[in-house]
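A quick write-up on the structure given underneath.
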Amino acid sequence: MNWNLARGLVYLACLAASGLAMAGLADFDLVTGSFDLRPFNLYTLTGTAGGVVSSALASVALWRGWGRK
């Protein structure tokens, strides 16, 4: 196993968990080390994610020059 990859994945997971906690979507208990994700509306998440992903892809396409001949 590539230990650098494993360590990087743990760092990314911790970054995502702290981001969720700062956004108010999760709770972290420092004493016990437990991470609790709050309930969320899946329909709202997919509706919002669709707009964000499409805007991100459009920005990448513009930056990379896709669509030009």
Side-chain angles (χ1 to χ4, degrees):
M1 172 177 226
N2 186 355
W3 292 108
N4 289 331
L5 177 64
R7 186 175 58 204
L9 290 175
V10 169
Y11 290 159
L12 287 176
C14 291
L15 179 67
S18 61
L20 286 171
M22 285 190 294
L25 299 174
D27 293 321
F28 178 72
D29 187 10
L30 188 61
V31 175
T32 61
S34 65
F35 177 78
D36 296 323
L37 187 62
R38 292 187 182 164
F40 57 91
N41 188 346
L42 189 58
Y43 295 117
T44 304
L45 178 68
T46 54
T48 304
V52 171
V53 169
S54 65
S55 296
L57 286 176
S59 299
V60 169
L62 181 65
W63 178 58
R64 299 282 309 232
W66 297 341
R68 279 191 240 152
K69 292 186 177 185

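Side chains are part of it too, since the values below use all heavy atoms of this structure and drop only hydrogens, waters and symmetry mates.
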*From Asn41 CG over to Thr46 OG1, what is the distance, rounded to the nearest 0.5 angstrom?*
8.0 Å

_Point-to-point distance, once rounded to the nearest 0.5 Å, from CG of Asp36 to CG of Leu20_ = 12.0 Å

_Is there a side-chain contact between Arg7 and Trp3 in this structure, where contact means two heavy atoms from C-beta onward sitting under 4.5 Å apart?_
no

*asked:* So which atom in Ser54 and which in Gly51 form the shortest heavy-atom distance, rounded to 0.1 Å?
replied: OG-O, 3.0 Å

*Determine whether Leu25 and Leu45 fall in the same hydrophobic cluster, where Ile, Leu, Val, Met, Phe, Trp and Tyr are linked whenever their side-chain heavy atoms lie under 4.5 Å apart.*
yes

*Take atom CZ of Arg64 as the centre, draw a 6.0 Å sphere, and report whether it contains more than 12 heavy atoms from other residues, nucleotides or ligands.*
no

*Could you state whether Val53 and Trp66 fall into the same hydrophobic cluster, counting links through intermediate Ile, Leu, Val, Met, Phe, Trp or Tyr residues with side-chain heavy atoms under 4.5 angstrom apart?*
no

_Side chains of Phe28 and Leu30 in contact at under 4.5 Å (non-hydrogen atoms)_ = yes

*Look only at the side chain of Arg38 and the backbone of Asp27, and say whether a donor-acceptor pair between them is shorter than 3.5 Å.*
no

_Testing the basics here: between Leu37 and Phe40, what is the closest heavy-atom pair and its distance to 0.1 Å?_
CD2-CE2, 4.1 Å

*Between CZ on residue Phe35 and CG on residue Asp29, distance to nearest 0.5 Å*: 12.5 Å

*Side chain of Ser18, backbone of Leu15: donor and acceptor closer than 3.5 Å?*
yes

